[in-house]
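All of these numbers come straight from a predicted model, not from anything done at the bench. The chain is numbered in sequence order, starting from 1.
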Amino acid sequence: MTEQKDSMPGTARLVLVTGASRGVGRATAKALVELHGCTVVAVSRDEDCLASLKTECGDRAGLLEALQVDLVSTSGIEDVRRHLAGRRLHGLVNNAGLLIKREWGEWTEDDLQRLYLLNASVPLLLSQALSSLLEGDPPGHIVNIGSMGGFQGSVKFPGLAAYSASKAALANTTECMAEELKDRGVRCNCICLGAVDTAMLRTAFPGYTAPVGAEEVGRYISRFVVEGHNLFNGKVLPLAVSTP
């Protein structure tokens with residue numbers, strides 16, 4: 001998919017992006033506004049980062065709705081649903097994620113609960129809560145942002161066992177969601193990212209220089225959100241130059 005601006009106005013499209021304050025989520029939200037003219041609900045816990053993202057959108061800042069929400073809180077998903085107020089939702093990007101790195105023998109039950117909650121459970125629960133808003137023609141498109149660490153058959157790395165397992169769960173959840181929603185006018189795919197220059201990658205692999213930047217990946221994902229459902233459903237797709 002090459003970068004280009006939409007030839008058709010996109011202001012009728014409404015897309016929600018979680019984890020939108022930094023990294024790939026931020027770049028995706030910005031590209032959806034700037035390149036595709038979408039109205040974007042940008043969700044994050046970080047109010048200051050959301051405010052700076054809105055400023056970066058310049059004369060299109062009115063298309064970005066900043067929503068400060070902690071998705072793992074007891075009211076987080078309901079807060080998102082309430083903000084949407086019944087509007088037709090055309091895209092949902094489940095990008096919010098957590099990385100925990102541990103030496104073997106140091107993993108705790110709390111580590112696993114935190115990883116699986118945000119990386120696998122929240123995407124399923126949020127998609128379920130918003131599925132009625134995604135139904136329709138054109139089909140709503142759920143894009144789960146996975147990791148090559150959770151892609152079957154990919155290279156695995158020490159210290160990331162539980163993180164990779166949680167992302168593998170997200171990949172399988174994607175396939176299940178596509179089946180659940182196929183008769184409701186909703187499609188679901190998972191993009192498994194390889195090495196992208198983000199704070200999360202630098203935490204996982206200190207000193208490593210990624211070959212691809214967040215802005216480039218965000219532009220690609222933004223186009224996949226608005227077009228990918230025409231060609232894919234229930235697919236787990238690698239997006240990687242290297243791993244890492």
Side-chain angles (χ1 to χ4, degrees), residues 1 3 15-36 38 40-57 61 64-72 76 80 91-101 114-115 117-120 122-123 126 142-151 157 159-160 163-164 166-167 170-171 189-225 228 237-244:
M1 297 179 184
E3 177 190 349
V15 180
L16 188 140
V17 181
T18 70
S21 63
R22 54 179 58 85
V24 169
R26 184 186 184 96
T28 300
K30 187 177 179 183
L32 282 164
V33 167
E34 294 183 343
L35 299 180
H36 303 286
C38 296
V40 174
V41 178
V43 179
S44 172
R45 294 178 302 170
D46 193 324
E47 185 176 18
D48 291 339
C49 286
L50 288 175
S52 67
L53 171 60
K54 192 172 182 70
T55 299
E56 284 181 16
C57 291
L64 191 131
E65 301 176 15
L67 179 59
Q68 183 189 19
V69 167
D70 183 354
L71 290 170
V72 302
V80 172
L92 167 60
V93 183
N94 284 310
N95 169 77
L98 173 67
L99 172 76
I100 299 176
K101 189 175 183 180
R114 291 170 60 204
L115 281 166
L117 178 58
L118 187 56
N119 293 351
V122 164
L126 184 61
I142 300 170
V143 179
N144 293 326
I145 305 301
S147 167
M148 286 303 296
F151 188 78
F157 298 93
L160 298 174
Y163 170 77
S164 294
S166 70
K167 287 297 190 177
L170 178 62
N189 294 292
C190 181
I191 299 290
C192 293
L193 301 182
V196 183
D197 185 23
T198 63
M200 184 177 287
L201 182 84
R202 292 190 288 273
T203 298
F205 301 99
Y208 176 77
T209 301
V212 180
E215 296 295 326
E216 183 177 0
V217 171
R219 289 193 295 269
Y220 184 94
I221 293 172
S222 73
R223 192 161 187 83
F224 186 79
V225 172
L237 306 168
L239 181 62
V241 173
S242 65
T243 55

Undergrad: For residues G194 and T243, report the shortest heavy-atom separation together with the two atoms involved.
TA: CA-CG2, 4.1 Å
Undergrad: Among N189, N95, N94, find the one that has a side-chain hydrogen bond (donor to acceptor under 3.5 Å, both in side chains) with N144.
TA: N94
Undergrad: Given side chain to side chain contact (heavy atoms under 4.5 Å, CB included), test L237 with F224 step by step and report yes or no.
TA: CA-CA 11 Å; L237 306 168; F224 186 79; 3.8 Å; yes
Undergrad: Output the distance between atom CG (D46) and atom CG (L53), rounded to the nearest 0.5 Å.
TA: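 Taking CG in D46 and CG in L53, the distance rounds to 11.0 Å.
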Undergrad: Please answer whether the main-chain N or O of G159 pairs with a side-chain N or O of K101 as donor and acceptor at a distance below 3.5 Å.
TA: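 It does not hold such a pair.
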Undergrad: How far apart are the closest heavy atoms of V225 and G91, and which atoms are they?
TA: CG1-CA, 4.4 Å
Undergrad: Quick test of your reading: applying salt bridge (charged side-chain N to carboxylate O under 4.0 Å, His left out), list the pairs with at least one residue in residues 189-216, sequence neighbours left out, ordered by first then second residue.
TA: D197-R202
Undergrad: Mind checking the CD1-OG1 spacing from I221 to T28? Nearest 0.5 Å is all I need.
TA: 4.0 Å
Undergrad: Considering residues at least two apart in sequence or located in another chain, which fulfil the salt bridge (Lys or Arg N to Asp or Glu O under 4.0 Å) criterion with K167?
TA: none
Undergrad: May I ask you to check whether R26 and S52 show a side-chain donor-acceptor distance below 3.5 Å?
TA: yes
Undergrad: Looking only at the side chains, is there a donor atom on one of N119 and S166 sitting less than 3.5 Å from an acceptor on the other?
TA: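 N119 vs S166: donor-acceptor pair found between side chains.
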Undergrad: Would you mind reporting whether F205 and L160 have side-chain heavy atoms less than 4.5 Å apart?
TA: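 With C-beta onward as the side chain, the pair touches.
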Undergrad: Tell me the closest heavy-atom pair linking A31 and S222, and the distance in Å.
TA: CB-OG, 3.5 Å
Undergrad: Taking all atoms of both residues into account, what is the closest heavy-atom pair of A171 and G150, and its distance?
TA: CB-O, 4.4 Å
Undergrad: Test of understanding: with side-chain contact (heavy atoms from CB on, under 4.5 Å), list the residues that count as partners of A195, not counting sequence neighbours.
TA: L201, Y208, A210, P211, S242, P244
Undergrad: Quick one: does E65's side chain have a donor or acceptor within less than 3.5 Å of a partner on V40's backbone?
TA: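 A pair under 3.5 Å: no.
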Undergrad: Looking only at non-hydrogen atoms, find the nearest pair between A240 and M148 and report the distance.
TA: CB-CG, 3.8 Å
Undergrad: Starting at CG of L117, measure out to CG of L71 and round the result to the nearest 0.5 Å.
TA: 9.5 Å
Undergrad: Which distance, rounded to the nearest 0.5 Å, do you find between the CD1 of I100 and the CZ of R114?
TA: 4.0 Å
Undergrad: For a side chain to side chain contact (heavy atoms under 4.5 Å, CB included) check, start with the C-alpha distance between R223 and L35, then their side-chain angles and the critical distance, and finish with the verdict.
TA: CA-CA 9 Å; R223 192 161 187 83; L35 299 180; over 6 Å; no
Undergrad: Search all heavy atoms of T18 against all heavy atoms of A96 and return the closest pair with its distance.
TA: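 Answer, listing the atom of T18 first, then A96: OG1-N, 2.9 Å.
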Undergrad: Drop me the distance from I191's CD1 to I145's CD1, to the nearest 0.5 angstrom.
TA: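 With rounding to 0.5 Å, CD1 (I191) is 6.5 Å from CD1 (I145).
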Undergrad: Say you draw a straight line from CZ of R22 to OG of S44; how long is it, rounded to the nearest 0.5 Å?
TA: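 So the CZ of R22 and the OG of S44 are separated by 6.0 Å.
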